2 protein chains.
Amino acid sequence: MNKDKILEDRFPGRRAALKREILEHALYCFNELGVEATTIDAIKARCDTSVGAIYHHFGNKEGILSTLFFAAQDDQRQNLEHELAKTNSLREAIYSIVSSYLDWVVAQPEWARFLYQARSPVAKGPFRQELKVRNAQNYQELKEKLLSFENKDIKIVQPFEIIPSLIVGPSENYCRAWLANRVRTSPRDYREEFSESAWRSLQR
Amino acid sequence: MNKDKILEDRFPGRRAALKREILEHALYCFNELGVEATTIDAIKARCDTSVGAIYHHFGNKEGILSTLFFAAQDDQRQNLEHELAKTNSLREAIYSIVSSYLDWVVAQPEWARFLYQARSPVAKGPFRQELKVRNAQNYQELKEKLLSFENKDIKIVQPFEIIPSLIVGPSENYCRAWLANRVRTSPRDYREEFSESAWRSLQR
DNA sequence: TCTTAAACAGAATAATATTCTTTTATTGCA
DNA sequence: TGCAATAAAAGAATATTATTCTGTTTAAGA
């Protein structure tokens with residue numbers, strides 16, 4: 001299954017089997033019950049282990065949460081990077097960013113749901129610094145990539161800081177709605193619409 | 001001060017003074033420490049009251065959270081409704097939605113910050129049904145308003161379910177970034193850019 | 001095989017949320 | 001005004017949950 005790949009890629013081997021097990025069930029609990037309502041006991045019960053094992057691997061609840069969060073974010077970023085590398089124009093890049101975002105959410109709905117709800121706690125918790133660094137890095141890489149394209153013909157909105165919001169804002173908003181069952185249609189079905197709209201929104 | 005108006009409008013009178021006091025300080029704690037890390041004791045200490053008083057007014061922690069959440073959401077919605085009522089064309093409506101959103105966030109940064117971080121917990125908690133109903137209502141009203149405008153000349157993207165995401169997605173994304181200090185420039189400074197971009201993104 | 005470090009278990013403790021009982025203040029009404 | 005009746009508030013008692021600690025087992029490398 002695809003879901004497990006995110007964990008197996010990052011915590012490989014027989015030795016980390018329980019670690020992956022705990023993470024998998026913790027993900028389920030966080031999504032099902034919410035972050036605060038998920039107790040260590042509930043996770044323990046679901047994967048039939050001990051508090052000792054959980055605390056050995058993660059230190060505390062925040063540790064489980066952050067491990068999951070960074071694993072998900074990293075997978076999403078890798079996916080984007082991979083798709084973005086193929087592009088050769090700004091227009092292609094926009095399409096690639098939007099499409100890979102929508103595809104990832106649809107392929108990993110549980111991870112995506114978690115990513116949305118865990119951001120705030122992680123941003124406030126003991127790993128906020130790591131989150132900041134990662135965000136800054138991702139932002140820089142994206143900026144360099146996008147600015148590397150020459151644009152003779154087309155005028156793009158200024159300044160750069162609003163551009164990421166214009167590109168992914170609508171897709172993100174729709175994906176949240178989809179994951180919360182407020183809309184039914186899969187985000188993938190709107191790849192064209194969101195890509196083209198993003199592209200139009202950038203031009204001036 | 002403006003901040004208090006949200007509470008005074010909804011919990012008026014001398015009798016509710018402590019209730020407002022608790023809410024005000026709880027808002028501060030939730031934003032400062034995060035929802036889960038905020039203890040009843042911390043709130044109690046900050047407004048120099050007793051656990052009995054807190055539980056008398058709100059039942060439990062979730063009650064405080066939900067009361068704050070719905071107060072904020074309601075104020076934001078009222079603001080939008082008020083601005084939207086003045087409009088007479090689709091284009092005006094788009095501008096009004098975007099502008100009132102940006103203005104509200106800038107006017108009430110603490111409430112906006114809270115709204116973003118409290119959505120998930122409320123959606124999972126005992127008030128999820130009320131949240132659902134409110135969302136459905138707001139969605140219906142917006143839909144009716146937007147579809148009420150005739151559009152002879154301009155073709156708009158289909159179907160309707162992606163339109164709200166196209167309109168507010170970018171603004172929302174940017175406001176989040178601003179409240180997290182990832183960007184410096186006030187969202188208000190980009191009223192024109194976000195309004196025009198939204199409008200362009202809708203046309204096909 | 002032996003040593004060492006990691007993995008795991010579960011009882012003990014600490015922190016936190018919630019309940020319950022009592023006291024005090026406020027309102028509505030005779 | 002005075003008198004229920006109800007709401008507000010306090011804080012001790014309890015229940016729930018997170019975390020620590022100590023001991024035991026397991027696996028890897030020498």
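Each chain gets a letter, A, B and so on, in the order its sequence line appears, and its residues count up from 1. From a predicted model like this one, the values you see are computed outputs, not experimental measurements.
OP1 or OP2 of C:dC8 lies within a sub-4.0 Å distance of a side-chain N or O belonging to A:His57.
Among the protein residues, B:Ile54 comes within range of no part of the nucleic acid, since none of its heavy atoms lies under 4.0 Å from any strand.
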For a quick test of your reading: what N or O donor-acceptor pairs under 3.5 Å do the side chains of residues 44-51 of chain A make, sequence neighbours left out?
from, atom 1, to, atom 2, distance (Å)
A:Arg46, NE, A:His25, ND1, 3.3
A:Arg46, NH2, A:His25, ND1, 3.4
A:Ser50, OG, A:Ala53, N, 3.2

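Between the B:Lys61 side chain and the B:Thr38 main chain, a donor and an acceptor come within less than 3.5 Å of each other. One N or O on the side chain of B:Arg200 and one on the backbone of A:Gln203 form a donor-acceptor pair closer than 3.5 Å. Panel note: side chain A:Arg113, backbone A:Arg176; no donor-acceptor pair is recorded below 3.5 Å.
Remark: C1' of C:dG10 and CG of A:Asp41 are 12 Å apart, rounded to the nearest angstrom. Computed from coordinates, the B:Glu36 CD to D:dT19 P distance equals 8 Å when rounded to whole Å. Atom CD1 of B:Ile40 and atom P of C:dA17 are 5 Å apart (whole Å). One interatomic measurement links the two molecules: NE2 of B:His56 to C1' of C:dT19, which rounds to 15 Å at whole-angstrom precision. Put simply, CZ on B:Arg15 is 8 Å from C1' on C:dA25, counting in whole angstrom units.
Looking at B:Val105, B:Val98, B:Val106 one by one, the single match for side-chain contact (heavy atoms from CB on, under 4.5 Å) with B:Leu102 turns out to be B:Val98.
In the model, B:Gln108 has no side-chain atom that pairs as donor or acceptor with a side-chain atom of B:Asp75 under 3.5 Å.
Nearest-nucleotide positions on DNA chain D place B:Ala16 closer to the 5' end than the other of B:Ala16 and B:Gly52. Residue whose closest nucleotide on DNA chain C sits further toward the 5' end, between B:Arg14 and B:Ala37: B:Ala37.
Within residues 59-66 of chain A, no residue has any heavy atom closer than 4.0 Å to DNA chain C.
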